[in-house]
Amino acid sequence: MIKPYLKVFLFLLINLFISRMHCQTQYSENLLSIREKIESDKYNQAMTDLKNIRESSLAKPEKAFYNFLMAQCFDADDKFNKAYQYYLKAKKLYTQIDSISMAMDINMNIANLIHVQENHTDIYKKYFKEYMDYAEKSNNLKKIARGYQALGNFRSGENKPEESISFYKKAIELYSKANNKKEANKIYINISAIYIEDLHKPDSALFYLNKQLDGMKDYGDIQNLCYNYVNQASAYYNLKNYNKAIEYLKLADNLPIKDHRSMVNQYIYEFLSMNYDSIRDYKNAYKYLMLNKKYADSINIEEQNIAINDLDTKYKTKEKELENTLLKSKVKTSRILIYSIAVILLAIVVIAFLMIKNSRRREKISKQEKLIEQQKFEKALKDYELNSIDMMLEGQEKERQRIANDLHDNLGSMLATLKLNFENLKLRKIELREEENKLYERTDELIEEAYQKVRRIAHAKNAGVFASEGLIPAIKKLAEKISIPGKLQLQVISFGFKERMENTLEIAIFRTVQELATNIIKHSQATEATIHMTDHDDNINIIIEDNGVGFDSSKINTADGMGLANIKKKIAQLGGTLEIDSTPGKGTTIIIDIPVND
């Protein structure tokens, strides 16, 4: 399994990559040409040019821009302690010249930089809050979107995958509204990492990664293509397809990226070592482990320096405050008195605080107990509702079988007896008139027709997933019946399913697929649809896609006309999950995962 810090590391790369900012202030041609080199990933040339500039000769706006460019160069070179120092200096200068927008953008860079360090403190929250307050106050959609993307990263680091995905999707929505689809497309990498590491659904991760690749064709983004390949390798590693993972890692390693080359190499070589070890190619495993160590040693040193610098800054600030306090204190006796009063007041405040805290704690416990009782009641109500749905479906199946048995055993036998008696009567009526013979023949035909219809209805109890061929053949037959040449083509692609499952589970899956296929016919206006079904032994993955008109998935309710709420309840009763990814005008994708108990 991939180490959690590697996922956060990928998020940081993406966030730092999208945070290149274009300033509107007029700077010297020299500084502007350096910015162009940074945007072209020519960091070594940019750093050389910056070192040839005498900072003291610059005006304050250009000093701010100079320090920002230095921070970006060190950031891309994985020298985070240097980047941190220059970001702080640039922010201070931009604040002094009232360029608050740039100062707040730098705040986000600092927050990301601190958050991804091991054993980081909560200092990053202060920088993020300042940034988000400004973004919402100025109603800047791009800045707000970037804030939600950062929240997705933070929640991921706090092991809250569902919240993380929710924030990422909100960021995609805001980037799209701001007509910045390129940045929206990049977030699919973050979502795929959540599905791989936290939710352990590599199939779903591959779906979002392929979706990103489709959008990336318009942008030609080499850096994010590299991250896409790395996450695809991670998904295949979790699927135990190690050779496929190695193939994607080598593709990523051969891409000519410039940003964070050291960190990317460290991760790729560690991951190559893991995959080669899994296929018992120990020679290559050792080779890439040594390459990984080469990059890891230098980067780990850099990661520690941010905390050291921060502590050093705090120490010097406290030391200066103490010095100022001592200088202002002219009378030693009054100082002692002040300290004594302060201690007494502090004791009173502490006692009052503890009393209030204890009172609030008791109140909080009481509220929690009430909340637990409410949750228990809601769970019991939900279980009752789901059991009712299950009993209804089971009753429908039993009723169909009872009717079929009655038709076959009672009405069928009666019609057969009637036919025999009628034929016997015909044999005795040898000299019947021609008109009567025709009447007998017509009556005989009607009895035969009624008898055959009863037989067909009776045998219908063996249709669908009750047939001996099982779930997949039944779904394929359903697809053949639904497909309409020239109008709708429904394709079924299955993997696994070597053994039959429990009959009730097969019926539940068949009914679910049948309802979703019916929705495609009724509502989607699609011309093509695909049902992907994969048996992973311990879980069934179903992905249903169509190219129809789509809909707003956030507005699903019990009266949506498509029965999606009831389908969700049925899947939840089976212990599974159902996700809907749909946008008006861009089709619909439904992903279902159902656990299978041995």
Side-chain angles (χ1 to χ4, degrees), residues 10-24 38-41 101 104-105 108-109 112 131-132 135-136 138-153 155-156 164-195 204-232 252 255 257-259 524 526 543 545-555 579-591:
L10 281 174
F11 294 162
L12 173 62
L13 296 184
I14 297 166
N15 280 312
L16 292 179
F17 184 73
I18 68 170
S19 67
R20 295 175 177 172
M21 294 162 282
H22 298 273
C23 316
Q24 301 301 322
I38 290 174
E39 291 173 351
S40 301
D41 298 332
S101 178
M104 292 302 102
D105 283 331
M108 178 60 82
N109 288 36
N112 282 327
Y131 171 89
M132 207 61 183
E136 290 176 346
S138 60
N139 197 28
N140 187 313
L141 288 181
K142 289 182 181 179
K143 279 182 166 49
I144 297 172
R146 191 180 173 208
Y148 277 112
Q149 187 175 0
L151 279 172
N153 295 352
R155 292 296 180 273
S156 173
S164 179
I165 290 175
S166 175
F167 284 126
Y168 285 141
K169 289 186 175 180
K170 183 68 175 176
I172 291 173
E173 179 185 343
L174 290 172
Y175 274 132
S176 299
K177 285 183 180 179
N179 199 26
N180 198 338
K181 294 181 180 179
K182 180 178 180 180
E183 301 305 333
N185 178 265
K186 293 175 185 176
I187 299 177
Y188 288 122
I189 291 180
N190 305 55
I191 294 175
S192 70
I194 297 292
Y195 275 109
S204 298
L206 287 171
F207 166 76
Y208 283 105
L209 289 168
N210 288 326
K211 189 171 185 179
Q212 190 212 17
L213 278 178
D214 291 339
M216 202 183 295
K217 294 173 184 176
D218 300 329
Y219 312 129
D221 192 333
I222 297 297
Q223 193 78 20
N224 278 279
L225 181 61
C226 174
Y227 306 148
N228 183 287
Y229 285 162
V230 169
N231 273 20
Q232 291 224 40
L255 289 173
I257 65 169
K258 299 289 181 65
D259 281 359
S524 74
I543 300 177
E545 301 176 281
D546 67 65
N547 65 346
V549 297
F551 60 93
D552 187 351
S553 58
S554 64
K555 295 182 180 179
E579 295 182 27
I580 300 170
D581 186 0
S582 183
T583 304
K586 294 187 178 180
T588 301
T589 300
I590 295 178
I591 303 174

With sequence neighbours excluded, tell me which residues meet side chain to side chain contact (heavy atoms under 4.5 Å, CB included) with [X].
X: K177; result: L141, E173
X: S176; result: I172, A184
X: N140; result: S138, K142, K143
X: T589; result: F207, I543, E545, D581, I591

If you take all heavy atoms of [X] and [Y], which pair is closest and at what distance?
X: K169; Y: I191; result: CG-CD1, 4.4 Å
X: L174; Y: I144; result: CD1-CG2, 3.6 Å
X: I194; Y: S156; result: CD1-OG, 3.3 Å
X: A205; Y: S192; result: CB-O, 3.5 Å
X: N231; Y: I189; result: ND2-O, 3.1 Å
X: G152; Y: S164; result: O-OG, 2.6 Å

>> Please evaluate residues L225 and L213 with respect to the criterion side-chain contact (heavy atoms from CB on, under 4.5 Å), reporting the C-alpha separation (whole Å), side-chain torsions for both, the decisive distance (0.1 Å), and the verdict.
In response: CA-CA 8 Å; L225 181 61; L213 278 178; 3.6 Å; yes
> Is N228 reaching over with its side chain to a backbone N or O of L209, donor-acceptor style, under 3.5 angstrom?
Replying inline: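 Yes, because the side chain of N228 sits within donor-acceptor range (under 3.5 Å) of the backbone of L209.
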> Ignoring hydrogens and geometry, is there a side-chain-to-backbone donor-acceptor pair from Y168 to N153 under 3.5 Å?
Replying inline: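 Looks like yes, one N/O pair under 3.5 Å.
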Can you find a heavy atom in the side chain of [X] that is under 4.5 Å from one in the side chain of [Y]?
X: L151; Y: K170; answer: no
X: N112; Y: R146; answer: yes
X: K182; Y: K186; answer: yes

Return the set of residues passing side chain to side chain donor-acceptor pair (under 3.5 Å) with [X] (not counting sequence neighbours), or none when no residue passes.
X: D552; result: S554
X: T588; result: S582
X: D546; result: none

> Who passes ring pair (Phe, Tyr, Trp, His ring centres under 6.0 Å) against Y195, sequence neighbours left out?
Replying inline: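 Checked Y195 against ring pair (Phe, Tyr, Trp, His ring centres under 6.0 Å); matches are Y208.
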> Roughly how far, to the nearest 0.5 Å, is OH of Y227 from CG of N190?
Replying inline: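 Nearest 0.5 Å value for the CG-OH distance: 11.0 Å.
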> How many angstroms lie between atom CE of M132 and atom CE of M104, to the nearest 0.5 angstrom?
Replying inline: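 Here the rounded value is 13.5 Å.
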